[in-house]
Undergrad: 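I have a structure here, written as structure tokens, and I will follow up with some questions on it.
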Amino acid sequence: MSPDVTGHTIQVVVHSSVFQGGPVPPLHVDDVISVVLAFDSEAEPSAPGVVTFRVRIQPKFGHAPFAAEDGSLRWMFDVYGAGWSAEWHHHTPVAGLIHLTGRLDVGFTRAVPGQPGVVTGRVRRLQLVEQWVESTVAGNHYVAGTERLRDFGPSPDRYWPRWKIIDDPDTFAETGILVDLDLDDIPDDDTEFDAGAVAIDSADLWVIDKSNPLLLHIDTTATPPRVTEYRLPLAIEKPREMWTRRVHADRDGCWITSPEEIIRCTRTEAAELTVRRAIETGSDRTTYLDGRLFVLEAPHFGDRTDPRYGYVRVEPDAHPVRELVDGELVPVIDGATIARVKAPGRRADQVTADDGTTWIADRTLVAQRPDGTSHTTDLHPRTRGHVRWPRDGPRSGLALASLNTAYAHFTKTSDEQ
């Protein structure tokens with residue numbers, strides 16, 4: 001019977017290469033772990049963990065294929081099973097509900113619980129995978145079909161391999177761990193505020209969640225600090241390795257910047273914010289100086305990855321420093337201002353107050369005092385603030401306003417004729 005239908009328990013393989021880097025600690029029976037899965041449909045049929053699943057296949061739309069070692073093309077897909085999902089590459093386009101034979105390989109990079117594509121389960125059993133290593137004139141290689149399993153036994157496990165990059169020839173080598181992962185017996189998700197970016201002005205501290213559109217205002221003069229939560233009319237962003245948005249504080253509120261947009265939050269009353277989308281574009285590099293918000297663009301040629309085209313060329317911006325003025329990004333040409341804006345700035349997740357305290361947003365909010373001591377700020381209890389969201393029309397802004405004026409003049413002239 002397929003593992004995906006036995007109480008939602010699946011078998012996954014963690015290869016030795018995953019552990020060789022060192023960041024993944026030993027696994028134990030009864031651990032709750034989060035992983036990212038890849039489906040290997042080219043594994044030997046006799047290999048541990050290979051079974052036939054009934055799954056739903058969905059193409060990764062907009063992603064170009066890549067060339068395999070044999071020169072054939074490989075398209076990317078998402079595979080959805082009973083309580084799990086995995087990435088898969090295949091030599092021909094396919095979609096829909098199918099039977100697929102293979103095994104699930106494990107990765108731990110970007111395996112944050114709750115994120116799309118992340119699978120969480122409880123370890124029910126651990127088995128060591130060993131395979132015979134043969135020495136030939138071309139070097140050492142694993143012999144297909146020689147895998148064997150050895151049970152670790154109950155937790156805490158009495159033995160954990162010392163993974164080696166180069167295996168000895170003519171012997172069995174430890175190549176991975178076969179994990180029975182129970183997808184049902186896990187604790188309920190507890191969504192906590194995940195501090196991602198922070199800014200301060202005087203005693204007013206602003207912290208925004210790394211993914212969710214939740215903004216906290218912290219009055220640091222109160223004991224304990226008074227926390228107000230604002231639920232903003234913004235999209236839920238995909239969590240990144242670092243911060244997703246930046247925050248810049250001033251005496252009237254704060255700016256929230258991201259590559260997709262720039263948002264202005266103005267305090268209008270006690271526990272009330274007026275939220276306005278200043279512009280429908282932005283940057284991951286912004287600076288706030290002397291009451292002015294600047295956006296930095298690419299100053300020179302570069303490249304970036306694109307799901308459709310792979311590596312693409314990034315053209316330098318003719319004006320790599322722009323200022324946000326009345327909903328428009330205006331080029332900055334003053335050399336002294338440009339130099340100040342381009343000077344090394346602070347990290348989005350750290351800010352230093354006037355008294356020398358450094359506030360660090362790293363899931364929680366930590367205050368490091370000048371004397372070297374630190375403490376974690378309790379973000380509970382917190383009150384719910386009110387958000388006003390006046391929606392500007394799509395023709396607001398300097399450029400469109402001037403265009404509308406010209407259009408009105410043209411229409412009037414045409415009517416007179």
Side-chain angles (χ1 to χ4, degrees), residues 110 112-118 188-201 204-220 225-250 252-288 293 295 324 327 329 346-351 359-366 377-394 396:
R110 298 183 300 277
V112 179
Q115 291 191 26
V118 175
D188 291 342
D189 290 334
D190 185 12
T191 303
E192 290 288 340
F193 184 85
D194 186 0
V198 62
I200 194 169
D201 180 82
D204 295 311
L205 190 69
W206 299 89
V207 190
I208 193 167
D209 189 275
K210 185 175 291 186
S211 173
N212 294 320
L214 301 178
L215 177 69
L216 302 186
H217 172 257
I218 302 174
D219 180 1
T220 60
R226 186 164 48 248
V227 183
T228 305
E229 176 187 283
Y230 297 96
R231 297 185 178 181
L232 305 180
L234 307 181
I236 299 173
E237 300 291 347
K238 182 178 180 180
R240 302 176 185 173
E241 293 294 321
M242 300 177 69
W243 49 82
T244 301
R245 304 178 175 104
R246 288 179 179 266
V247 183
H248 304 283
D250 56 37
D252 297 319
C254 67
W255 295 92
I256 300 171
T257 67
S258 72
E260 293 77 26
E261 60 191 354
I262 297 178
I263 303 297
R264 176 61 193 175
C265 300
T266 304
R267 289 192 293 179
T268 47
E269 294 182 13
E272 179 182 271
L273 280 185
T274 296
V275 178
R276 177 177 57 87
R277 183 170 287 105
I279 190 170
E280 292 80 9
T281 186
S283 173
D284 57 3
R285 298 179 60 209
T286 54
T287 299
Y288 190 71
L293 184 65
V295 172
L324 181 63
L329 293 177
R346 69 174 179 89
R347 293 168 55 102
D349 59 349
Q350 298 181 15
V351 67
W359 297 87
I360 302 173
D362 184 14
R363 299 191 66 86
T364 59
L365 184 63
V366 177
T377 301
D378 188 1
L379 301 179
H380 296 281
R382 54 182 183 245
T383 59
R384 177 79 61 81
H386 178 64
V387 174
R388 296 181 63 251
W389 184 29
R391 305 190 186 188
D392 295 331
S396 60

Undergrad: Can you tell me how far apart NE2 (H217) and CG (L215) are? Round to the nearest 0.5 Å.
TA: 9.0 Å
Undergrad: So W255 and D250, side-chain contact (heavy atoms from CB on, under 4.5 Å) or not? Walk me through it.
TA: CA-CA 8 Å; W255 295 92; D250 56 37; 3.8 Å; yes
Undergrad: Quick check: does any side chain N or O of T257 sit under 3.5 Å from a backbone N or O of I262, one acting as donor and the other as acceptor?
TA: no
Undergrad: Measuring from H248:NE2 to I200:CD1, what's the distance to the nearest 0.5 Å?
TA: 15.0 Å
Undergrad: For A361 versus A197, what's the shortest heavy-atom pair and its separation?
TA: CB-N, 4.0 Å
Undergrad: Quick check: are there more than 12 heavy atoms from other residues, nucleotides or ligands sitting under 6.0 Å from CZ of R285?
TA: no
Undergrad: One pair to check against side-chain contact (heavy atoms from CB on, under 4.5 Å): L234 and R277. What are the steps and the verdict?
TA: CA-CA 9 Å; L234 307 181; R277 183 170 287 105; 4.0 Å; yes
Undergrad: Backbone N or O of D194 within a donor-acceptor pair of the D209 side chain at under 3.5 Å?
TA: yes
Undergrad: How close do R245 and I208 get, heavy atom to heavy atom, and via which atoms?
TA: CD-CD1, 3.6 Å
Undergrad: Under a 3.5 Å cutoff, is there a donor and acceptor pairing between the side chains of T274 and R276?
TA: no
Undergrad: Locate the shortest heavy-atom distance separating D349 from G196; write the atom from each residue and the value.
TA: CB-O, 3.5 Å
Undergrad: Please identify each residue that fulfils salt bridge (charged side-chain N to carboxylate O under 4.0 Å, His left out) with R267, with sequence neighbours left out.
TA: D204
Undergrad: What is the distance from atom CD of E192 to atom NE2 of H380, rounded to the nearest 0.5 Å?
TA: 4.5 Å
Undergrad: Check the pair I218 / L365 against side-chain contact (heavy atoms from CB on, under 4.5 Å), numbers first and verdict last.
TA: CA-CA 11 Å; I218 302 174; L365 184 63; 3.5 Å; yes
Undergrad: Do any N or O atoms from the side chain of R246 and from the backbone of D284 form a donor-acceptor pair under 3.5 angstrom?
TA: yes
Undergrad: Could you walk me through whether V295 and L324 satisfy the side-chain contact (heavy atoms from CB on, under 4.5 Å) test, starting with their C-alpha distance in whole Å, then the side-chain angles of each, then the deciding distance to 0.1 Å, before giving a yes or no?
TA: CA-CA 7 Å; V295 172; L324 181 63; 5.5 Å; no
Undergrad: Distance check, rounded to the nearest 0.5 Å: Y230 atom OH versus H386 atom NE2?
TA: 10.5 Å
